[in-house]
Amino acid sequence: MKRWLIALSIAGLTGISGTAQAVNWWDLGNIKVGPAETLKQFHEYFKQRFPNMPLEKYALGSYAFNPEMYSQYQEAMQFNPGDLTLSTGQKLWDTPFKNGKSYASCYPNGGKGAATHYPYFDDKTKTVVTIGTSINACRAANGETPLKYGSPDMVALQTYLTSLSNGMPIAIQVSGPAATKAFEEGKAYYFMKRGQLNFSCAACHVAYPGKYLRDQIISPVLGESAHFPSYRAAWSSVNTLQKRIEGCNKNVGAEPQPLESVDYRNLEYFMSYLSNGIKIDVPGYRP
């Protein structure tokens, strides 16, 4: 779609946004109050916006706002195309490395429940570790070459490893000055305007969740990380949260960064922390 059409569609949001909320969404990004207070403020903000929406329902994303769409979602999930990627990921996961070890050897409990704590901040490397970077670290530790981020095999492995935490609530930790700095940088990125349209992530997913953008309902930031990797009809494939972020950057006319860049990892850290308490359910399914 041409950028002017995207701009026209976004501009139309102001006409259907409804009355102003008691909490100014922009203030959520302007004040450095620490991770715990940030989490509290975001959850309170969305509770004010949608008082009848229980926290666990945010895992449905846009489907939580429209009963008809939710019915379609339930039908789609009976034969989720993403299950093919899940099966491929399981086969890759179970295939031993040349040294005889497996991916499961790199994670506590063979990977079960591991995704609830990703991304996490590594105090040794002073960087955020995502599921994708952990998979390549596992390969390196076992003498294997790294996989390209965004490649079918990498996405399949990310999907399967995350699925080992299905039904478990996200429980990201942010502890210590260095981790907090990475978190705050992710938060700043989320609220920073960019691109030819001069839009931030928050301008849609905090200010206007539940409203229409063209023919799609905007999803809230809460719960975003709980359903990725997801199958998207627009992609005709399964892909990751960072791939979705890359696409959003392109839509607003901003230069996307490489997958697993420092900014994208910090952003995923921030977004995932906001979804603490929401249960993982992958592969997701989205329009």
Side-chain angles (χ1 to χ4, degrees), residues 82 84-166 168 170-174 178-179 182-183 185-186 189 224-231 235 237-247 249 256-273 280 282-284:
L84 295 173
T85 299
L86 183 66
S87 296
T88 299
Q90 183 174 9
K91 291 177 182 177
L92 292 168
W93 181 269
D94 292 336
T95 301
F97 298 129
K98 295 183 183 68
N99 63 6
K101 293 184 178 181
S102 66
Y103 287 102
S105 67
C106 296
Y107 300 90
N109 300 319
K112 186 175 179 61
T116 63
H117 304 294
Y118 279 87
Y120 72 87
F121 188 83
D122 186 347
D123 286 318
K124 293 182 179 179
T125 61
K126 303 299 181 184
T127 57
V128 170
V129 178
T130 64
I131 283 181
T133 58
S134 77
I135 288 172
N136 267 345
C138 178
R139 291 180 62 85
N142 287 279
E144 302 287 336
T145 56
L147 296 173
K148 182 180 178 180
Y149 296 119
S151 67
D153 282 358
M154 172 58 83
V155 172
L157 284 164
Q158 288 173 283
T159 303
Y160 181 70
L161 175 53
T162 306
S163 77
L164 296 178
S165 298
N166 275 350
M168 302 178 189
I170 295 172
I172 308 299
Q173 300 293 318
V174 181
F183 173 87
E185 288 176 355
Y189 189 98
E224 288 280 16
S225 61
H227 61 77
F228 275 98
S230 282
Y231 178 90
W235 291 333
S237 65
V238 174
N239 227 307
T240 63
L241 177 60
Q242 288 195 25
K243 188 68 175 178
R244 187 71 187 100
I245 292 166
E246 178 188 71
N249 277 344
Q257 298 193 24
L259 299 178
E260 302 296 348
S261 66
V262 171
D263 281 341
Y264 277 9
R265 281 183 282 136
N266 289 345
L267 178 58
E268 186 177 343
Y269 190 37
F270 166 73
M271 293 175 65
S272 298
Y273 183 82
I280 293 171
V282 302

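As a basis for the values below, the full set of heavy atoms in this structure was taken, side chains included, without hydrogen atoms, waters or symmetry mates. All figures in this text were calculated on a predicted structure; none of them were measured in a lab.
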field: Heavy-atom closest contact (Val282 atom, Ala226 atom, distance)
entry: CG1-O, 3.7 Å
task: Examine distances only and state if a side-chain atom of Ser261 and a backbone atom of Tyr264 form a donor-acceptor pair shorter than 3.5 Å.
output: yes
message: Can you confirm whether the side chains of Thr85 and Thr88 place a donor and an acceptor under 3.5 Å from each other?
response: no
Ion pair Glu268/Arg265, N-O distance below 4.0 Å: no
task: Quick one: sort the Tyr103 and Trp93 rings into parallel, tilted or perpendicular, breaks at 30° and 60°.
output: parallel
- request: Return yes if some donor-acceptor pair links the side-chain N/O of Asp122 with the main-chain N/O of Thr127 below 3.5 Å, else return no.
  value: no
field: Minimal non-hydrogen separation, Ile131 against Tyr107, with atom names
entry: O-OH, 4.4 Å
query: Is a side-chain donor or acceptor of Asn142 paired with a backbone partner of Glu144 at a separation under 3.5 angstrom?
result: no
- request: Kindly determine whether Glu185 and Asp263 satisfy side-chain contact (heavy atoms from CB on, under 4.5 Å), including the steps that lead there.
  value: CA-CA 8 Å; Glu185 288 176 355; Asp263 281 341; 5.7 Å; no
task: Test side-chain contact (heavy atoms from CB on, under 4.5 Å) on Ile280 and Asn166 and set out the steps.
output: CA-CA 5 Å; Ile280 293 171; Asn166 275 350; 3.5 Å; yes
Steps toward side-chain contact (heavy atoms from CB on, under 4.5 Å) verdict (Thr240, Tyr149): CA-CA 10 Å; Thr240 63; Tyr149 296 119; over 6 Å; no
message: Using the rule given for side-chain contact (heavy atoms from CB on, under 4.5 Å), can you reason through Thr130 versus Gln242, listing the C-alpha separation, both sets of side-chain angles and the distance that settles it, and then say yes or no?
response: CA-CA 10 Å; Thr130 64; Gln242 288 195 25; 4.1 Å; yes
- prompt: Of the options Phe183, Tyr189, Phe121, which is the one that meets Phe270 in a ring pair (Phe, Tyr, Trp, His ring centres under 6.0 Å)?
  reply: Phe183
